[in-house]
Each structure stands twice: as structure tokens, then as C-alpha cells.
Student: 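This is the structure I want to talk about, given as C-alpha cells.
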Amino acid sequence: MTETSHDRLLIIDFGSQVTQLIARRLRELNVYCEIHPYQNVTGAFLKDFAPKAVIFSGGPDSVMREGSPRPPSEVYDLGVPILGICYGQQVMMHDLGGRVEAGEHATAEFGRAYVTPTDGSDPLLAGWFLEAREQVWMSHGDHVAEIAPGFEVLGTSPGAPFAMTADPARRFYAVQFHPEVHHTPNGKTLYENFVRMAGFEGDWTMAAYREEMVQKIRDQVGDAKVICALSGGVDSSVAAALIHEAIGENLTCVFVDHGLLRLDEGKEVVGMFRDHMNLSVIHAEEQELFLGELDGVSDPETKRKIIGRLFIDVFQKYADQIEGASFLAQGTLYPDVIESVSFSGGPSVTIKSHHNVGGLPEKMGLKLVEPLRELFKDEVRALGRELGLPDSFIGRHPFPGPGLAIRCPGEITREKLEILRKADAVYIDQIRKHGLYDEIWQAFVAILPVRTVGVMGDGRTYDYACALRAVTSVDGMTADYYPFTHEFLGETATRIINEVKGINRVTYDITSKPPGTIEWE
Ligand code: XMP
């Protein structure tokens, strides 16, 4: 539990994959909330936490199963509004005297559904049902068969007669669908109505988050020294700036130049943090080490493993030189956490072993500080702005830890890296010149492991082909290719071929994610 002077909302987590999105919607409404797993929420906990409202998340279990997750019974006596979502609705109905039935094919609903109103007067519905029906996103097997005494129905869907229910006297609300996901387009309005009814003033802002995180970092770290893996990307930059604010010179950043950076990247990052922000930054020039070990390696997973291992070795080396360094800071974000760890805490299927979470061997002997673990990318940017980082840094496209290694499919050579750097710089320059940089989530060039025949002047060329990649995305988990105009593509291809020796063919990658991934490896 975090010390805060704000009114707070408690989200009791029953294990839904999307619980974090509830928190996100609430934070967009400037409401302070905390997610706690149901196992930790006891009567005493509730008393201490003193929530102004409670939300029950969804979850994968069935309330009919003996021992399935439950909130403590005291929650219903707090006298504060409660909103139950999906499994949370079923829990509430079950606990309060209604009846839930096991799923059958006919009543299970997955995906898009439409809810129509039965009673439009409840304050939860302000701004809802302006059209005849609302699109919602359902994901349930079991369903409520009988509502609890005191409840009435506000809306129904074909598979959920009790899609929206309320006990207005006690201000208990329960919905079968997930208002927190994008596919319930008007879902945020429900949260807004709910928190307004609970009396939240919407005073929790990024400035407040910053203040609280600074305090949390101080509490966690004390007088110990922290070493931060600074990559120059938005995440590690914001993490470094935040930790610097919390502990000042007890933070040392290590910027590892693994020889897989973009053109002039090393100089820019170190310059900005050292000169502009006054951080203590070690510029670890380890190009030889990395490129040496990657020599002759072409398998993507092996590349990542080598780079990951060397990164850790390098950190260890510098950490050992900093007396008293006992923490390692990382800019891990929430999407990294959910892509890497399944609900049960076990490993999910490995698509790419690229995320930092859980990858650090214990031998490092460093504890982790991860102040961005609860944030989504756009929230990290907002925090960065709040901390005064220049827009040019905050708006930067993400850049993967293994850098150009995974944009150079197959074997990495210094020659290919050199060509790739130049081509990438031309491409990004084009995107900036056309004012498209901020519309694109990520753009880069991949140099392909094929040489193709071309003709320039009167001569034959036999050079590398490259692929341009540019995608739009909200969180990097799904993505679509960016629809450049043919003129833009043509002009860019011409510039790359004219300006970059070693490339004689340019292609544009129009694969979405899924089924592709953003990076080529
Ligand atoms: P993919 O290629 O998995 O990428 O669709 C999703 C996002 O993650 C970045 N990415 C990485 N980041 N280490 C990182 O730190 C990695 O190994 C790695 N692989 C991909 C990618 O750039 C995109 O933003």
C-alpha cells in the first residue's frame, strides 16, 4: 500500500488479463487507484486502505468452483460504491444472494456484443445509450442467472440478460462486459460516472505520480547507490530522470555502446544526459566485445542471448567499480510485464526473448528498481514531459535493446552495420522532413542478407537490398504498417540508393503485427 493524500480507489484483482486497463482508465480520469490481488485483501486491509470506492476485476475462474477467488465479506459493509466486472459481477451476485450458472454454448459470449437499455435513469448511465445500443466487449463462459435482492437490470445483451445491473440504494453496480477495453468504445464514460458518484475529485495527476514515485524510490533505495542502464530510449531516459530526482548523485548511469547503435546515437545520448541534465554517465565503449562475440552468429535468439549476457557482464563490471552500488534501475514498462509473464506467474510462450523482466541472473547480486513498471508508453511520455525532458527525446521512436543486431537478419558484419546506419539516417530524415515522425510509432531500415543485381550509370551493381519498416501502434503489442504515399516511398528509395553506397534495392514492408512482429528478428 502506498502513502498518499489522495482519495483512493481499490481494484481487487481476480486475475483478469486486462485488470491493468481498469487502472489506466481511472488514471485517465485522474483518480488514484491501486490494484491488489484478492488474496491480499482482508478485512483489516480494507480498514487500513479506506477506499472511497472498490472495483472487482474480471478473472478466469468460476464462482461455482469450491475455493474460487472472493473478496472479504467486509467489503460490502464499507458503505462505498462497488463496481463488479465480468467475474466481479458474478462474485457480487453470488455473495449477495443471486445465482450464477455454468457456461453453456448458448450463453457464453466472447468478443463484440451489443447492450440495449432497460432503464435509462440511473446515474451510471449518463452519456450512455445516446444511440439505441452500445457496443461492448464480452468474455464470459458463466453467466448470472438470477440477480441478487435489491438489484435491478439496467441493460441486456443477447447472451447476458443481466449485462448491466445496479442496486442504487447501496450504489453497487455490476456489469458482465469489460468497460475498460478499447472494444467497449464508450466504456470510459461508465468509469467516469462511477467515480463521480463515489465523490472523486480527479486530483491525481502525473505531477502527483512523480511525487509519489520519488518518495517510493527513496524508501526503496535509502542511501544505497543505483546503477542505471541508460539506452537513450524514452523508457530508460525517463526512469533515469526520475531516479535522479529521487536520489541525485547516488545514481550512476551506464550507457553501453555495443556497436549496434544508430548514427551518432552515442554522442547524442551521453551529451544530453551529462551536459543537459547533469547526470553522472559512464560511456562504456564495448563495441569490440559485442561485435567480437556476435561474429558469425546468425540465429536471432542466439544473438539476443549473447547481447543480453554481455549487457549483464558489462553492468556487473561497472557496478563493481561503484562502491555500494546495490540496485539496478530498469525502464521496464507494463506491456513488458504482461507480454513476458502469464497470469499464473509462469512463463508464457516465448515469441522473442527480448524483455528484461525476469531475465537477470541472480549472480548479479543487484536488486531491481523499476519505477515505470505500472505505466504504459504514453504515460511514460507524459511523465517525461513532467520531468522536463526535451520533446525531441520524449517523442523518440522505441529502439530495441539489441539495437541494429535484429535489423540485420543473418550474420552481422561491420560493413553491413555501416550501410544500415547510413540508410536508416536517410530514411528517418525523410520521415522528419515530411512531418510524419510523430504519426509513426516506429520506423527503421533492415538490411537484408541478400545482394541483388542493379544498374547504375552504365555499370552493373551487386549490392544489398534493404527493407523500410514503419508502423502505427498504441502499445507495440499490435501494429499496422504506415500507409506512406507512393511519392514518399519513391523519393526515399531514390535518396537511399543515391546516398548510401552498398544498397541498390529498397523494399517496403507492409506486414501487420500479428502475424508479423515489428522488428525483423
Ligand atoms: P516486436 O518485434 O516484438 O517488437 O513486435 C515490439 C517492440 O519491442 C521492441 N523490441 C525489443 N526491445 N529488446 C528490447 O528492448 C528486444 O530484444 C526487442 N525486440 C523488439 C521493438 O523495437 C518494438 O518496439
Side-chain angles (χ1 to χ4, degrees), residues 228-240 254-262 265 269 290 294 297 299-312 314-315 328-341 348-360 368 370 372-373 375-378 380-381 394-409 412 420 424 427-428 437-446 467-482 509-521:
C228 177
L230 186 64
S231 72
V234 186
D235 308 340
S236 64
S237 301
V238 173
V254 178
F255 176 74
V256 177
D257 192 334
H258 48 21
L260 301 160
L261 299 171
R262 290 167 292 191
E265 189 155 21
V269 172
F290 282 83
L294 287 167
V297 178
D299 175 66
E301 278 302 282
T302 314
K303 285 183 189 174
R304 277 201 170 72
K305 294 261 154 67
I306 291 173
I307 295 169
R309 174 173 54 77
L310 293 179
F311 244 103
I312 288 162
V314 168
F315 279 135
L328 174 70
Q330 284 194 335
T332 312
L333 303 195
Y334 180 63
D336 300 333
V337 178
I338 42 182
E339 263 197 27
S340 302
V341 182
S348 52
V349 181
T350 303
I351 308 291
K352 301 179 182 186
S353 58
H354 62 255
H355 298 309
N356 305 324
V357 188
L360 284 169
L368 282 179
E370 296 181 304
L372 312 179
R373 235 184 123 82
L375 301 184
F376 288 84
K377 195 92 187 176
D378 52 345
V380 172
R381 293 201 167 109
I394 291 174
R396 282 179 118 200
H397 292 169
F399 186 64
L404 301 184
I406 56 173
R407 297 176 177 178
C408 192
I412 301 165
L420 176 55
D424 193 75
Y427 180 42
I428 298 299
Y437 191 85
D438 293 339
E439 277 179 41
I440 293 171
W441 161 270
Q442 199 168 5
F444 56 86
V445 176
L468 311 181
R469 184 84 166 128
V471 296
T472 54
S473 175
V474 177
D475 48 20
M477 291 161 92
T478 55
D480 206 355
Y481 75 91
Y482 186 79
D509 176 1
I510 56 166
T511 320
S512 61
K513 172 184 180 176
T517 54
I518 295 175
E519 302 289 348
W520 270 54
E521 285 192 336

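Order of appearance sets the numbers: ligands from 1, and atoms from 1 within every ligand. Throughout, residue positions are numbered sequentially from 1 according to the sequence presented. Not measured: the values here are computed from a predicted model.
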Student: Go through ligand 1 atom by atom and flag the ones less than 4.0 Å from a non-hydrogen atom of Glu519.
Tutor: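 Per the distance check, 2 (O), 20 (C), 21 (C), 22 (O).
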Student: Number the atoms of ligand 1 from 1 as they appear, then name those within less than 4.0 Å of a heavy atom of Thr517, with their elements.
Tutor: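 Ligand 1 atoms under the 4.0 Å threshold to Thr517: 1 (P), 2 (O), 5 (O).
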Student: Just how far is it from atom CD1 of Ile518 to atom OG1 of Thr511, taken to the nearest 0.5 Å?
Tutor: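 OG1 of Thr511 is found 11.5 Å from CD1 of Ile518.
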Student: Pairs of nitrogen or oxygen atoms closer than 3.5 Å, one from Gln442 and one from ligand 1: do any exist?
Tutor: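 N/O-N/O distance below 3.5 Å exists for this pair.
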Student: Taking only residues two or more places apart in sequence or in another chain, which ones pass salt bridge (charged side-chain N to carboxylate O under 4.0 Å, His left out) with Asp509?
Tutor: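 Here the qualifying residues are Arg469.
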Student: Numbering the atoms of ligand 1 from 1, which are under 4.0 Å from a heavy atom of Pro402?
Tutor: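 What qualifies from ligand 1 is 13 (N), 16 (C), 17 (O).
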Student: Let me confirm one number: the OH-CD distance from Tyr482 to Gln442, rounded to the nearest 0.5 Å.
Tutor: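 Reported value, rounded in 0.5 Å steps: 15.5 Å.
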Student: Do ligand 1 and Ile518 have nitrogen or oxygen atoms that lie under 3.5 Å from each other?
Tutor: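 By distance alone, the answer is yes.
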Student: Which atoms from ligand 1 have a heavy atom of Lys513 less than 4.0 Å away?
Tutor: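 Counting from 1, the qualifying ligand atoms are 1 (P), 3 (O), 5 (O), 6 (C).
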Student: What atoms of ligand 1 come within less than 4.0 Å of a heavy atom belonging to Pro398?
Tutor: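 Those qualifying, in numeric order: 24 (O).
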Student: With atoms numbered from 1 as shown, which atoms in ligand 1 lie under 4.0 angstrom from a non-hydrogen atom of Ile406?
Tutor: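 Ligand 1 atoms under the 4.0 Å threshold to Ile406: 19 (N).
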Student: Should the heavy atoms of other residues, nucleotides or ligands under 6.0 Å from OH of Tyr481 be counted, would the total exceed 12?
Tutor: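 Not more than 12 within 6.0 Å, no.
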Student: One thing to verify: whether Glu265 and Arg396 come together as a salt bridge, which I'm taking to mean a side-chain N less than 4.0 angstrom from a carboxylate O.
Tutor: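 A salt bridge is present here (some side-chain N lies under 4.0 Å from a carboxylate O).
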Student: Does the N or O separation between Gly401 and ligand 1 drop below 3.5 Å for any pair?
Tutor: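 N/O-N/O distance below 3.5 Å exists for this pair.
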Student: According to salt bridge (charged side-chain N to carboxylate O under 4.0 Å, His left out), who are the partners of Arg381, at least two apart in sequence or on a separate chain?
Tutor: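 Listed in chain order: nothing, the list is empty.
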Student: Geometry only, no angles: is Glu521 polar-contacting ligand 1 at N/O separations under 3.5 Å?
Tutor: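 No, since none of the N or O atoms of Glu521 sits under 3.5 Å from an N or O of ligand 1.
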Student: So which of Lys303, His258, Arg304 actually passes side chain to side chain contact (heavy atoms under 4.5 Å, CB included) with Pro402?
Tutor: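 The residue from Lys303, His258, Arg304 that satisfies side chain to side chain contact (heavy atoms under 4.5 Å, CB included) with Pro402 turns out to be Arg304.
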